[in-house]
Amino acid sequence: SVIAHDPIGRVAIDITNLKANTNYLLNYDLYTSTVATRGHNEGKMTVRIRIEWNSERGPIFAALKNPIPKQQFVNFEKSFDFHTAYFACHGRDDVNKFDLDILTSYVEELLEYKNVHYHIDIKYVVLHIILWRGHYPIKFRDFVFRQKTVLIPLHSIYFFLACACLVENCNYLPSFILFTIAWLFLAMLEFRKKHPSPWSDSKSYLELFSCIITGKSVAQTIETDENIHEVEEYNKQIRERVEKRQRLSARDEKQQAYFEGLATKGGTALDTEVIEFNPLKPILFPVQQYLALTLRALRKIKAIVVWDDSYEAFWITTICIALGAIFLSVPWNFLIYWTLKIAVWTLLGPWMKLVDIFYYRNLENTPKDQQYKGSRMNWRKQWSKRVAQATEARIMNENALKLRDIRKVVFGKHALCVPRSKDARHIDRPLTSSSAQPCEGSCNINIIEKIQGQELHGVIIPTR
């Protein structure tokens, strides 16, 4: 039986791509694990959200100033409250303890990155560019006022012009690399926007740029079950494509194993029975921890590349475009040629023999007492530098321990580390039954009471 606050399921609501001045009624599937492969859900949850910004420039520039947020902790007095909050933040799995199921799920997730070509048809992308296949629709009216649509091959146009300019002038190589990075990000944004579900959409580059200029965004309207048939057909095509490539990959692996078996025919295969993995904990637990760090980095990179972290992706694209435009005027051939020429004629010529005679020979012929005195002075400088570094590290450690103890006394002895980035394996997206409507009338919120948080400031006596 379920009693009050028993964990049933959890969901992580991403507000990055939600728009201000919009009432969202969101439905989510509930799951208990954040690392295991998802199967049957544990239920559903409905939540109403509305976001208000004084200016939407704030979150966009915050992503540029502080791409990695500060680590935050929340303390609890009761152990039950701590476990409830931990389940809400991290799910049922304790990734800080050795668990063979967690290790297996890490390996499965790592193999998913290896098989990313199941979801992106590389051959189709290459042919799409080389064969000048149109993708960007432009609508116009002909002579009899009939509406026509023409697909413009923007990717092919860019790639042709960029490569042609690069072939003619190698000075454009740094700009070519930067522009290509920005082009790939914009292509990923275009690929994402082709998804028929509005809940899988992301803020566009022009929309974010407009938010920087005006500080506002346009409210969003999404009807319940919008494009549901197109979404089902799109997901069906994706599943069929992935299953087809998995079958082809399994067939190739089977053939490879068959030929390898022929090559090693006559050998002896040993059947090993796994009894218990716990004795291997000293070996496997560090592997689990390294895999966790690696996967967190891969998840962050994936979130930026596919525009789940649209603010970071926007700034990377913008910076690449700006630097690429600046580097167009830099004479790289001239700089590289004269830098290498000066280096060669300065450091590799026969006059370096004079440097050896008048400088290094004198150092080698220095009396031993002077060498000892000089080496001792160098040793004292290095020792002083290391002592200063050790003192600074000790003070920082003492301040951290003091702050931790003060937090335990003031807020509770159970400390929970709050996730500070999108490092979960699965991204929770609203179901098609969700909806969004613009705010009607005044959207001003009357704040009656402000509840203070647990962030402390100061060194000797921290204050709230």
Side-chain angles (χ1 to χ4, degrees), residues 61 63-68 126 129 155 157-188 205 290 293-294 296-298 300-301 304-305 309 311-396:
F61 281 103
L64 178 63
K65 297 177 182 177
N66 189 19
I68 301 178
V126 174
I129 296 173
H155 296 314
I157 293 173
Y158 161 77
F159 201 67
F160 169 71
L161 293 178
C163 292
C165 293
L166 181 62
V167 169
E168 296 295 333
N169 191 346
C170 293
N171 275 325
Y172 296 147
L173 179 59
S175 297
F176 174 81
I177 295 173
L178 292 170
F179 283 144
T180 301
I181 294 174
W183 169 55
L184 291 175
F185 270 91
L186 293 175
M188 287 301 302
Y205 181 85
Y290 286 125
L293 293 175
T294 303
R296 287 195 193 103
L298 290 175
K300 183 63 177 178
I301 295 172
I304 295 175
V305 170
D309 281 337
Y311 298 150
E312 287 85 348
F314 168 80
W315 282 117
I316 292 175
T317 305
T318 302
I319 291 172
C320 287
I321 293 175
L323 290 179
I326 293 172
F327 287 171
L328 285 174
S329 60
V330 178
W332 293 105
N333 286 341
F334 176 82
L335 292 177
I336 295 174
Y337 171 75
W338 281 102
T339 300
L340 295 177
K341 188 172 184 177
I342 292 173
V344 169
W345 284 92
T346 303
L347 302 177
L348 301 180
W351 43 84
M352 293 301 295
K353 182 64 177 179
L354 300 177
V355 177
D356 181 34
I357 295 174
F358 294 104
Y359 183 72
Y360 282 100
R361 293 277 179 90
N362 292 334
L363 291 179
E364 294 174 356
N365 296 329
T366 302
K368 292 185 178 180
D369 57 342
Q370 294 184 9
Q371 292 183 7
Y372 174 76
K373 187 181 297 184
S375 62
R376 187 170 181 82
M377 291 179 61
N378 292 333
W379 179 82
R380 286 179 178 177
K381 291 180 180 179
Q382 294 179 3
W383 176 258
S384 301
K385 185 177 180 180
R386 292 179 181 178
V387 168
Q389 293 175 349
T391 303
E392 184 180 357
R394 178 177 55 82
I395 293 174
M396 292 178 61

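- With contacts defined as side-chain heavy-atom distances shorter than 4.5 Å, the pair Asn171/Phe334 does not qualify.
- To the nearest 0.5 Å, the span separating CZ on Phe185 from CD1 on Ile304 amounts to 7.0 Å.
- Heavy atoms from other residues, nucleotides or ligands lying under 6.0 Å from CZ of Phe61 number more than 12.
- Between the side chain of Tyr158 and the backbone N or O of Thr180, at least one donor-acceptor pair lies under 3.5 Å.
- When the shell of 6.0 Å around CD of Gln389 is examined, it contains more than 12 heavy atoms from other residues, nucleotides or ligands.
- A heavy-atom distance below 4.5 Å is found between the side chains of Ile321 and Tyr205.
- In plain terms, the two heavy atoms of Asn169 and Asn333 that are nearest each other are OD1-ND2, 4.1 Å.
- What you find for Asp309 and Lys300 is that their closest heavy atoms are OD2-NZ, 2.9 Å.
- The local environment of CZ in Arg386 is sparse, with at most 12 non-hydrogen atoms from other residues, nucleotides or ligands closer than 6.0 Å.
- Phe179 has its side chain within reach of Leu328: a pair of non-hydrogen atoms, C-beta onward, lies under 4.5 Å apart.
- Within the model, atoms NZ of Lys385 and NZ of Lys381 stand 11.5 Å from one another, a figure rounded to the nearest 0.5 Å.
- Gly324 and Ser175 make their closest contact through O-OG, 2.7 Å (heavy atoms, listed as atom of the first residue, atom of the second, distance).
- Contact check for Leu173 versus Trp332: no side-chain heavy atoms found under the 4.5 Å cut-off.
- For the atom pair SG (Cys170) and CZ (Phe176), the distance works out to 11.5 Å, reported to the nearest 0.5 Å.
- At a threshold of 4.5 Å between non-hydrogen side-chain atoms, the residues Trp183 and Phe159 count as touching.
- Closest non-hydrogen pair, Thr346 versus Met352, comes out as O-SD, 3.5 Å.
- Under the 4.5 Å side-chain criterion, counting only non-hydrogen atoms from C-beta, Trp345 is in contact with Trp351.
- For the atom pair Leu64 CG and Ile316 CD1, the distance stands at 10.5 Å (nearest 0.5 Å).
- The list of salt bridge (Lys or Arg N to Asp or Glu O under 4.0 Å) pairs with a residue in residues 328-354, not counting sequence neighbours, reads Lys353-Asp356.
- Residue Ile181 holds its CD1 atom at 10.0 Å from CG of Leu323, rounded to the nearest 0.5 Å.
- With rounding to the nearest 0.5 Å, the separation of CG in Leu298 from CZ in Arg296 is 12.0 Å.
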